[in-house]
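Below is one structure; the comments refer to it alone.
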Amino acid sequence: MQLNDTVAAVITGGASGLGEATARALAAKGVKVAIFDLQDERGQAVAADIGGVFCKVDVTSEESVDAGFAKARDAHGQERILVCCAGTGNAIKTASRAKEDGSIKHFPLDAFNWLIQINLVGTFRCVAKAAAGMLTLSPLEDGERGAVVMTASVAAEDGQMGQAAYSASKGGVVGMTLPIARDLMGEGVRVNTILPGIFNTPLMLGAPQTVKDALAASVPFPKRLGDPREYANLALTMIENSYFNGEDVRLDGAIRMAPR
């Protein structure tokens with residue numbers, strides 16, 4: 001797919017981190033970008049900076065997602081590109097014993113469900129609605145109508161202690177990549193997923209430098225945290241290369257996460 005000002009894109013989680021880097025990279029190619037995010041002020045600022053449009057969207061809400069797509073399409077037309085970066089995490093053991101009194105507790109199921117709703121169901125909700133819209137488009141040269149990039153995590157394959165919900169949500173994204181690509185193969189819509197390792201995103205901002213240094217040292221090579229622009233570069237490769245389809249690709253400096 002050629003990226004230029006005839007193409008529209010929607011980026012979920014586009015107000016910061018991996019999503020922001022991807023929104024900026026696409027806009028630099030001339031693509032008309034709509035940002036879906038809950039960070040109102042930050043999202044408005046990024047959208048203004050790249051000449052895009054901001055849509056305040058909660059991916060767990062059907063009505064919110066529908067309103068976001070309506071606003072984006074009203075501004076830019078039907079999107080040919082969807083990049084799903086909206087997501088979050090938590091760290092809670094399946095069952096554990098309190099150090100203070102030895103009392104036993106388990107992972108609260110509402111917290112487990114909350115994470116699944118954002119990372120997995122929220123991703124699928126946006127993909128399904130974007131794909132339905134892409135099917136209304138005329139095909140491009142290669143018979144292509146659109147491209148989707150989803151975001152999982154290396155935790156989908158080697159989740160750490162306390163990451164049962166997070167790993168399940170990201171493993172679900174990996175697991176649905178090929179079936180969705182097969183669902184859409186007759187319509188010329190491609191679907192791929194990136195599994196990022198440890199990236200220097202807003203989730204890392206509050207971590208002490210000693211923690212960041214230790215994480216960087218754990219990466220085989222290069223021994224540093226990933227730059228969101230590197231995620232964006234891979235996302236653009238997946239979008240531009242029309243033979244890239246149905247793949248789950250780790251972007252992690254060859255790291256394999258330890259148990260803790």
Side-chain angles (χ1 to χ4, degrees), residues 11-14 16-26 81-92 115-116 118-120 122-124 127 147-178 180-181 190-241 243-260:
I11 316 295
T12 75
S16 61
L18 306 178
E20 179 185 350
T22 305
R24 291 185 180 280
L26 286 167
I81 296 166
L82 172 70
V83 182
C84 295
C85 292
T88 189
N90 58 24
I92 307 171
L115 206 58
I116 297 294
I118 295 172
N119 292 354
L120 179 56
T123 294
F124 184 74
V127 171
V148 174
V149 177
M150 301 187 292
T151 305
S153 165
V154 295
E157 297 181 344
D158 36 66
Q160 295 183 294
M161 192 171 71
Q163 288 189 324
Y166 184 70
S167 294
S169 69
K170 296 300 188 177
V173 173
V174 170
M176 69 185 181
T177 303
L178 184 58
I180 297 174
R190 296 181 294 107
V191 183
N192 294 287
T193 293
I194 300 174
L195 287 70
I198 308 170
F199 272 70
N200 196 16
T201 65
L203 287 175
M204 294 296 298
L205 288 179
Q209 191 58 46
T210 53
V211 172
K212 291 182 183 180
D213 290 344
L215 289 171
S218 70
V219 181
F221 183 82
K223 288 192 173 296
R224 59 172 173 79
L225 302 183
D227 187 313
R229 290 172 296 184
E230 293 169 314
Y231 172 97
N233 287 342
L234 180 54
L236 263 62
T237 296
M238 289 177 164
I239 293 164
E240 291 181 296
N241 188 333
Y243 210 58
F244 218 135
N245 194 18
E247 294 297 332
D248 305 294
V249 181
R250 289 179 72 119
L251 185 63
D252 60 10
I255 198 169
R256 296 299 180 267
M257 303 302 289
R260 66 175 76 197

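By convention here, the first residue in the shown sequence is residue 1.
Every residue two or more places apart in sequence or in another chain that forms a side-chain contact (heavy atoms from CB on, under 4.5 Å) with V219 is listed here: I255. Taking A155 as the reference, S153, Q163, Y166, S167 meet the side-chain contact (heavy atoms from CB on, under 4.5 Å) condition, with sequence neighbours excluded.
Once rounded to the nearest 0.5 Å, the distance linking CD of E20 with CG of L18 reads 10.5 Å. Atoms CE and CG, on M257 and D252 in that order, are 9.5 Å from each other to the nearest 0.5 Å. T22 OG1 to I81 CD1: the interatomic distance, rounded to the nearest 0.5 Å, is 11.0 Å. Atom OG1 in T123 sits 10.0 Å away from atom CD1 in I118 (nearest 0.5 Å). Rounding to the nearest 0.5 Å places CG of D158 at 4.5 Å from CZ of R250. The CG atom of D248 lies 8.0 Å from the CG atom of L178; values are rounded to the nearest 0.5 Å.
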Could you give the side-chain donor-acceptor pairs of residues 231-239 under 3.5 Å, partners two or more places apart or in another chain?
unit_1	atom_1	unit_2	atom_2	d
Y231	OH	T151	OG1	2.5
N233	ND2	R229	O	3.4
T237	OG1	N233	O	3.1

### N119 vs V173, side-chain contact (heavy atoms from CB on, under 4.5 Å): CA-CA, chis, key distance, verdict
CA-CA 8 Å; N119 292 354; V173 173; 5.7 Å; no

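For the residue pair M150 and M176, the shortest heavy atom distance occurs at SD-CE, 3.8 Å. The shortest heavy-atom contact between G17 and P228 is O-CB, 3.8 Å. Across T177 and G246, no two heavy atoms sit closer than the pair CG2-C, 4.2 Å. Annotation for G14 and A23: closest pair O-CB, 4.4 Å, computed over non-hydrogen atoms. When all heavy atoms of P220 and A254 are compared, the closest pair comes out as CG-O, 3.3 Å.
Open room surrounds CZ on F124; 12 or fewer heavy atoms of other groups in view lie less than 6.0 Å from it.
Counting only distance, with no hydrogens or angles, the side chain of N192 and the backbone of F244 share a donor-acceptor pair below 3.5 Å. With hydrogens and angles ignored, the 3.5 Å screen pairs a side-chain donor or acceptor of K223 with a backbone N or O of A217. Looking only at distances, a side-chain donor or acceptor of T12 sits under 3.5 Å from a matching main-chain atom of A86.
At a threshold of 4.5 Å between non-hydrogen side-chain atoms, the residues I198 and L225 count as touching. In this structure the side chain of T193 reaches within 4.5 angstrom of the side chain of L195, judged on heavy atoms.
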